[in-house]
Amino acid sequence: MLLPLYRVTDTVAEGRRIGIGAVGGMNVRGWTFDAAVEGRLRDPADEGFSAAWSYTRPQDGADNYWWNGFAYSSWQLLDLKNVLSAYRSVQRGHRHLYSQRGRHQLVLALAVLSPLYLPGILGQLSMPSGREGAIFRRLRAGMMPHELLAVAGFDPKKLRGAAETLLARSNDDPIQKWLPLVRYASYEGWSKFKGAPLACMWQRVAAEILLRAHEELAGAGELEALPDLSGQQWWTPLHDRLGADHVEVRTLERALTELGLSPHPRVILLVEGETELFHVPRLLDELFGIMRSQQVRVQITKGSGFSPQLIARYGIMPRVGRRVGNRWLLDASLTALVIAMDPENRFETREQREDERRKLQEAIQEGVKYQDADISQEELDLLVRIRVWGEDTYELANFTDDELVPAITMIAEEQASPGYNSPSWETNLRDNLQYYRTRHKDIKKALDRMRVNEDKVRLAELLWPVLREKCERELSEGREETPVLKLVLAVRELVGRINSIYALAGPADDGNE
């Protein structure tokens, strides 16, 4: 049922000699070349079956280099599943209806077309050395697909149909839904597949070889062009070809996004200090598991005097694809910008914060329009958010004096700060915290007054168990009051909304569309 591509015999037939010159073969391919030169090469499809041929290794095993003379093509593995199915049917006593001739011609077509098209599909070229390599190079340089197909006895008009059959069979792939991503994988990547996924990938590769030959012949006016699939609402096998170039083909970024593998975070969260950088990622991770999925990236600004313009232009600006109606498909997942700052500098008042947000949105809108697209104000509001902790800086806004005093006292003891063990230490510390809290100053002022060196990381470590317990309690009671917990909840909600957006709606329809 699975015919060898060639059979090498010891019997010379003068009329079968092919004048290509011996290559001195050291493997099956080379031995096949030499047999062709010497007139010892046969086509099993013409010869039929003979019980006189050797099919199995001799029992004595004396000759370790024994070969039965059969040469197969790797392309015949494409049909192995069907052959085995037919074989089992024969074993059960059913009549064998398997067509050898058509499959044999397809294998020959793939074998002769591969030197032209396979390197471009796999992204690599492996050429034999010596005379054998010279033969392949001449073939690549001087042969046209219609000449090669004539040698194989394959009708060029059957190229598209054979390719579509291979693509339809590849739908058995258990990872078919990953095709939008797999089509971007290198040969080094997908060749590591095993079983059905690997077999289906080779079916797609074979189909691509046939379709590239079809396209070249169509370009020469010898065949009709393949159909343009752009805008087609129903699936055809050609939609799954590796070299598909219709506009609906997902970009790599979009394929990664739809599979939840995008390297881009859904939210970039800018925080001001080291305490926030210690607490916020841990809250996102322990309360909601968000950080494990890399959907939020928390960055420290080390002060409120930074400029977020570059982040907005290059990290937040949507990458826009083709337009469909009044919407623009996204070529990459959206990323929103959340800025969480102390109420100072240009983030001090509501008016200043709104002005900063407007400038960032204008920068994003400008970048979108440069891509010949548009974005609505609602979408801009989603992409840029600025928050403060209230009237106070982070530590004073999120922790009471009762929570801060033990932590600061521990740091003072570790530093051996003057007076940390005096009877009046706690009273003085509470007075200082209250004094600067009412004036909405940074906790650093209170620490300086108590002659405690600022150590925000250590302070964050000591406050972390307190913060975690407090946030978990508030969540269980349904009364979220701590500002940093409110931020984390807002970020979680934002991640969910961003995950569901695959296109920009643009401004509302003004009736002129």
Side-chain angles (χ1 to χ4, degrees), residues 171 173 175-185 228-236 238-269 284 288-297 311-338 360-361 363-385 490-510 513:
N171 272 327
D173 190 349
I175 59 171
Q176 172 71 13
K177 297 298 184 181
W178 288 70
L179 178 59
L181 178 60
V182 170
R183 62 161 39 106
Y184 289 101
D228 182 4
L229 302 180
S230 299
Q232 189 163 303
Q233 298 300 313
W234 60 91
W235 177 88
T236 70
L238 291 178
H239 280 90
D240 286 349
R241 67 175 290 193
L242 294 179
D245 60 358
H246 53 89
V247 295
E248 285 84 2
V249 174
R250 297 175 181 85
T251 63
L252 175 58
E253 291 279 8
R254 188 176 174 196
L256 287 167
T257 298
E258 293 181 2
L259 291 169
L261 296 173
S262 174
H264 305 293
R266 302 301 184 270
V267 174
I268 293 178
L269 174 56
L284 287 167
F288 307 113
I290 291 178
M291 296 302 291
R292 296 187 186 94
S293 62
Q294 305 296 312
Q295 295 192 83
V296 178
R297 184 173 300 158
I311 295 177
R313 288 183 181 275
Y314 299 108
I316 309 303
M317 185 180 66
R319 289 177 54 184
V320 182
R322 65 187 181 91
R323 181 171 182 171
V324 179
N326 197 36
R327 299 169 66 84
W328 287 269
L329 297 181
L330 294 169
D331 277 349
S333 58
L334 281 179
T335 299
L337 176 64
V338 177
L360 295 173
Q361 291 179 341
I364 294 171
Q365 187 174 43
E366 179 183 330
V368 170
K369 288 186 175 181
Y370 186 76
Q371 301 175 69
D372 296 323
D374 209 342
I375 185 170
S376 68
Q377 186 59 47
E378 181 181 357
E379 291 163 334
L380 287 170
D381 290 341
L382 186 68
L383 291 181
V384 182
R385 298 186 178 186
V491 168
R492 184 186 67 162
E493 183 268 341
L494 184 56
V495 167
R497 293 185 62 182
I498 292 294
N499 276 334
S500 64
I501 298 176
Y502 298 101
L504 295 179
D509 189 356
D510 59 5
E513 182 68 31

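None of these values were measured; they are calculated from a predicted model.
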Visitor: Sequence neighbours left out, what passes salt bridge (charged side-chain N to carboxylate O under 4.0 Å, His left out) with Arg327? Give chain and number order.
Guide: none
Visitor: Can you tell me if Arg323 uses its side chain to pair, donor with acceptor, with the backbone of Gly321 under 3.5 Å?
Guide: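 No; judged by distance alone, with no hydrogens or angles, the pair does not exist.
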Visitor: State the CH2-CG distance between Trp328 and Asp372, to the nearest 0.5 angstrom.
Guide: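 Between atom CH2 of Trp328 and atom CG of Asp372 there are 9.5 Å.
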Visitor: What closest approach, in Å, do Tyr184 and Val249 show between heavy atoms, and which atom pair accounts for it?
Guide: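 Of all heavy-atom pairs spanning Tyr184 and Val249, the closest is OH-CG1, 4.3 Å.
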Visitor: Enter the distance from Ile290:CD1 to Arg266:CZ here, rounded to the nearest 0.5 Å.
Guide: 11.5 Å
Visitor: Please tell me if the side chains of Ile316 and Leu360 come closer than 4.5 Å, counting only heavy atoms from C-beta onward.
Guide: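 No, too far: nothing below the 4.5 Å cut-off.
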Visitor: So how far is it from Arg250 CZ to Leu179 CG, rounded to the nearest 0.5 Å?
Guide: 9.0 Å
Visitor: Which pair of heavy atoms, one from Ala503 and one from Glu379, lies closest together, and at what distance?
Guide: O-OE2, 4.2 Å
Visitor: Does a side chain donor of either Gln361 or Gln377 reach within less than 3.5 Å of an acceptor in the other side chain?
Guide: yes
Visitor: What's the shortest heavy-atom distance between Gln365 and Asp374, and which atoms?
Guide: NE2-OD1, 4.2 Å
Visitor: Quick one: do Leu181 and Leu256 satisfy side chain to side chain contact (heavy atoms under 4.5 Å, CB included)? Show the steps, please.
Guide: CA-CA 7 Å; Leu181 178 60; Leu256 287 167; 3.6 Å; yes
Visitor: Side-chain contact test, heavy atoms from C-beta onward, threshold under 4.5 Å: evaluate it for Val491 versus Val296 and give yes or no.
Guide: yes
Visitor: Here's a test for you: under side chain to side chain contact (heavy atoms under 4.5 Å, CB included), which of Leu383, Ile268, Val267 qualifies with Thr335?
Guide: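 Exactly one candidate clears the test, Ile268.
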Visitor: Quick one: do Arg492 and Val495 satisfy side chain to side chain contact (heavy atoms under 4.5 Å, CB included)? Show the steps, please.
Guide: CA-CA 5 Å; Arg492 184 186 67 162; Val495 167; 5.8 Å; no
Visitor: Taking salt bridge (charged side-chain N to carboxylate O under 4.0 Å, His left out) as the definition, give me every residue that meets it alongside Arg313, ordered by chain and number, with sequence neighbours left out.
Guide: Glu366
Visitor: Quick one: closest heavy-atom pair of Arg254 and Leu330, and the distance?
Guide: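 In terms of heavy atoms, the two residues are closest at CD-O, 3.6 Å.
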Visitor: Closest approach of Arg183 and Ala244, non-hydrogen atoms and distance?
Guide: NH2-CB, 4.0 Å
Visitor: Closest approach of Gln371 and Val320, non-hydrogen atoms and distance?
Guide: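 Gln371 and Val320 have their closest heavy atoms at OE1-N, 2.8 Å.
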Visitor: Heavy-atom distance under 4.5 Å between the side chains of Gln295 and Ile498, does that happen here?
Guide: no
Visitor: Show, in sequence, the C-alpha distance, side-chain angles and deciding distance for Trp235 and Asn171, and conclude whether the side chain to side chain contact (heavy atoms under 4.5 Å, CB included) test is met.
Guide: CA-CA 12 Å; Trp235 177 88; Asn171 272 327; 3.1 Å; yes
